[in-house]
Amino acid sequence: MPGAGAIHLICFANPGTSEMHFVAALDRKPAMRCVLGLFEGVVTGAADGYARMTDRPAATLLHTGPGLANGLANMHNARRAFSPMINIVGDHASYHLPLDAPLTSDIEGLAAPMSKWVRRIEGPTDVQPATEAALRASLTPPGVATLILPADAAWGDADAVSPVKVELASPRAVDIDAVRAVATAIRAAPGRVGMIVRGRAARADALEIAGQISAACDVRLFSEVLIARMQRGRGRVAPTRIPYPVDAATAALRDIDVLVLIGGKEPVAFFAYPGKPGRLVRDDCQVLTLAAHGQDLHAALEALRDELRVKQSQPALVASAFPEEATPTGRLTEDAIALSVAKKLPGDAIVCDEAVTSARRFFALSAFAAPHDYMMGTGGSIGGGIPLATGAAIACPGRKVINLEADGSGMYTVQGLWTQARENLDVVTIVFSNRTYAILHGEMRNVGVNAIGENARRMLDLDHPALDWVSLAKGMGVEAARADTCERFNALLDAALSRRGPFLIEAII
């Protein structure tokens, strides 16, 4: 691992026999924190959450090809979030591979689709240079790197080496020609230009610049459908999130003649639907990239502001106080939960949103909440919420983490609650317990099926038996309680926010 002056790594791990020498070495490196996950999807998802909140890579320790395969879904989300991550995958000793033992597999083939960089360590003397290369690859620009560690490379003899500081290249410079092209397009189509921000462009300081351009030049400001990390709340510029449903998304972008991308790609529909478009903008919409991932997005926005001659004193439209709305009472609903969480959210909290359909209203309300960071799963692979919150809590131990979690999605990586209990992480998990895959009911309608029978319903609903989240959480060591009224939910949320440590609220809706 890198030494003095370099980035120090945390390791989220689920090790096996091939990694025992790595595990033993942890006792000689007490400064490295190693966190156990009971499933590899928890490990990779937690590394994603850690990276998003620190802009630094965590390491994962995974056991051979099957262990890596168990973590691929949340590696996919991390890849889509451009999260820096270093996966260390233990493998058989090199001389054992020709025997085709039961756990032998094509690790390179499994890793490649979810990694921007893959390398196999050639022997003991290659450990340090390969690790340095992995760190550099994970950060230039940020992304997922996978390093394969054969057992004999871990236990073999090598000469002692001095720690080194890994130097990283600076972000790619702003392309002034791209800045001028975007400025020209904005001037030519006032009121019909949209700008999508992601990555570093979705942090508060960059959002302020984007908001100044929006106010001065009549540009509409958007975020992507799935948000890797955005700084939200009162006093901050609040982009409009492009809706998930394809009809709503195309309606939101229908009058956009020029779409400017800052740190991301053109938004498209999640799936193909009969008779519906795949692109969300009109075919005649001009799509321009101001700056891509790996470039200095903040500097690109500053350059665009200067090119448009927008003053640095230009006020931007920012969110302020909550709109007037009666406090819900009685039976608990999705909207009541969203409103309550937004109003009670502590300052500097972190929100990890995997409530899918149930918490859609929360994002709009969060513009009026206390300043906070907001994250979602970015690759559409469910099961990221609990691990993402786990990693974020380890990254930011002084901040309260709120995990808005769908019951179906949560069951993919429920084991992450155990890690939260073991590490005493300050996470409040709110499970929207509607006992169904609600999004799939909507997808059935989207593909033209308006009525479903019993066989199809049984594939979409989570009843018979109903999930008992209170028992599940307590079995993992996390205190939990159930609410089915607004009054009970508010009381539980107040209690959870007033104390430290993991707590789960099963919200029956």
#### Entry: Smallest separation among heavy atoms of Leu226 and Gly379, with atom names
CD1-N, 4.3 Å

### Message
Looking at Asp157, I want to see if its CG is surrounded by more than 12 non-hydrogen atoms of other residues, nucleotides or ligands under 6.0 Å.
### Response
no

### Message
For a side-chain contact (heavy atoms from CB on, under 4.5 Å) check, start with the C-alpha distance between Arg241 and Tyr374, then their side-chain angles and the critical distance, and finish with the verdict.
### Response
CA-CA 12 Å; Arg241 192 171 86 191; Tyr374 176 90; 3.1 Å; yes

### Message
Is there a side-chain contact (heavy atoms from CB on, under 4.5 Å) between Thr413 and Asn74? Walk through the geometry before answering.
### Response
CA-CA 10 Å; Thr413 47; Asn74 280 330; 4.3 Å; yes

### Task
State the CG-CE distance between Asn77 and Met375, to the nearest 0.5 angstrom.
12.0 Å

### Summary
dist Leu38:CG -> Trp418:CH2 (nearest 0.5 Å) comes out at 4.5 Å

### Non-hydrogen atoms of Thr419 and Leu36 that approach each other most closely
OG1-O, 2.9 Å

#### Entry: Salt bridge flag under 4.0 Å for residues Arg482 and Asp468
yes

### Summary
dist Lys474:NZ -> Leu504:CG (nearest 0.5 Å) comes out at 10.5 Å

### Message
Can you tell me how the ring of His293 sits relative to the ring of Phe82, calling it parallel under 30°, perpendicular over 60° and tilted otherwise?
### Response
parallel

### Between CG on residue Asp91 and NE2 on residue His63, distance to nearest 0.5 Å
9.5 Å

### Message
Please give me the minimum heavy-atom distance between Asn424 and Pro502, naming the atom from each residue.
### Response
OD1-CD, 3.6 Å

### Query
Just wondering, are more than 12 heavy atoms of other shown residues or ligands nearer than 6.0 Å to CZ in Arg119?
yes

### Query
What distance separates Trp117 CH2 from Ser138 OG, expressed to the nearest 0.5 Å?
9.0 Å

### Task
Please report the closest heavy-atom contact between Ile262 and Leu301, naming both atoms and the distance.
CD1-CD2, 3.5 Å

### Task
Rounded to the nearest 0.5 Å, what's the gap from CG on Leu139 to CZ on Arg56? Could you check?
10.0 Å

### Task
For the pair Met85 and Met75, evaluate side-chain contact (heavy atoms from CB on, under 4.5 Å) and give the outcome as yes or no after the intermediate values.
CA-CA 9 Å; Met85 179 188 299; Met75 280 175 61; 4.2 Å; yes

Do any side-chain atoms of residues 388-406 form donor-acceptor pairs under 3.5 angstrom with protein atoms, and if so which ones, sequence neighbours left out?
residue: Thr390; atom: OG1; partner: Ile386; partner atom: O; Å: 2.8
residue: Thr390; atom: OG1; partner: Gln420; partner atom: NE2; Å: 3.1
residue: Arg399; atom: NE; partner: Asp348; partner atom: O; Å: 2.6
residue: Arg399; atom: NE; partner: Asp348; partner atom: OD1; Å: 3.4
residue: Arg399; atom: NE; partner: Asp348; partner atom: OD2; Å: 3.4
residue: Arg399; atom: NH2; partner: Asp348; partner atom: O; Å: 3.2
residue: Arg399; atom: NH2; partner: Asp348; partner atom: OD1; Å: 3.2
residue: Arg399; atom: NH2; partner: Ala349; partner atom: O; Å: 3.4
residue: Arg399; atom: NH2; partner: Asp373; partner atom: OD2; Å: 2.6
residue: Lys400; atom: NZ; partner: Asp426; partner atom: OD1; Å: 2.7
residue: Lys400; atom: NZ; partner: Ala496; partner atom: O; Å: 3.2
residue: Lys400; atom: NZ; partner: Arg499; partner atom: O; Å: 2.6
residue: Asn403; atom: ND2; partner: Cys352; partner atom: O; Å: 3.1
residue: Asn403; atom: ND2; partner: Glu405; partner atom: OE1; Å: 3.2
residue: Glu405; atom: OE1; partner: Ile386; partner atom: N; Å: 3.4
residue: Glu405; atom: OE2; partner: Gly410; partner atom: N; Å: 3.2

### Task
Take Met411 and Leu472 through the side-chain contact (heavy atoms from CB on, under 4.5 Å) test and state the conclusion after the steps.
CA-CA 10 Å; Met411 286 302 296; Leu472 287 167; 3.8 Å; yes

